[in-house]
Novice: 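First the structure, then my questions, so here it is.
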Amino acid sequence: MCVLRVRELIRRGSLAGAERLSDRESQRFEDYLGEQGERFGVDVEGGVYGGALGPEFFVILLDAAAVETTDQLFDALLLGFS
């Protein structure tokens, strides 16, 4: 139930007072998440939120079993963006 509610929230046009961005770079980020999810066989979805000055925060929903801790998964995700 929780995963479904989070999905519903990130698919909205706004979250926590910030609009979901739909510019080319934001879409590229979301596409990248989907491609990586497919590559590793996990269900992943994300959104970029902010305003006219750019992104303020990212929301990433990852639904998969993992032997790694949450911190290890997050560190690996960040390494993928560097």
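The model shown is predicted, which means the values in this text are computed figures rather than measured ones. In what follows, residues are counted from 1 in the order of the sequence shown. These values consider heavy atoms only, across backbone and side chains, with no hydrogens, waters or symmetry-generated copies.
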Novice: Suppose we screen for side-chain contact (heavy atoms from CB on, under 4.5 Å). Which residues come up paired with Gln36, at least two apart in sequence or across chains?
Specialist: Tyr32, Arg39, Phe40

Novice: Mind checking side-chain hydrogen bond (donor to acceptor under 3.5 Å, both in side chains) for Asp31 and listing every partner two or more places apart, or none if nothing turns up?
Specialist: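 Residues passing side-chain hydrogen bond (donor to acceptor under 3.5 Å, both in side chains) with Asp31: Gln27.
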
Novice: If you compare all heavy atoms of Gly13 against all heavy atoms of Glu19, which two are closest, and at what distance to 0.1 Å?
Specialist: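 Looks like O-OE1, 3.2 Å.
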
Novice: Kindly compute the distance separating CD (Glu38) from CG (Leu33), expressed to the nearest 0.5 Å.
Specialist: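 If we round to the nearest 0.5 Å, Glu38:CD and Leu33:CG are 11.5 Å apart.
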
Novice: Using a 4.5 Å cut-off on heavy atoms from C-beta on, say whether the side chain of Glu35 contacts that of Glu30.
Specialist: no

Novice: What closest approach, in Å, do Gly54 and Leu21 show between heavy atoms, and which atom pair accounts for it?
Specialist: C-CD1, 3.9 Å

Novice: Could you tell me which non-hydrogen atom of Pro55 sits nearest to which non-hydrogen atom of Val48, and how far apart they are?
Specialist: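 So the minimum-distance heavy-atom pair works out to CB-CG1, 3.8 Å.
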
Novice: Residues in side-chain hydrogen bond (donor to acceptor under 3.5 Å, both in side chains) with Glu25, at least two apart?
Specialist: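 With neighbours one apart ignored, the set is Arg28.
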
Novice: Does the side chain of Val59 reach to within under 4.5 Å of the side chain of Tyr49, using non-hydrogen atoms?
Specialist: yes

Novice: Run the ring-centre check on Phe29 versus Phe58 and record whether the distance is less than 6.0 Å.
Specialist: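 Between Phe58 and Phe29, which both carry aromatic rings, the centre distance is below 6.0 Å.
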
Novice: With no hydrogens and no angle check, is any side-chain donor or acceptor of Thr69 less than 3.5 Å from a backbone partner on Gln72?
Specialist: yes

Novice: State, to 0.1 Å, how close Ala18 and Gly50 come at their nearest heavy-atom pair, and which atoms those are.
Specialist: CB-N, 3.8 Å

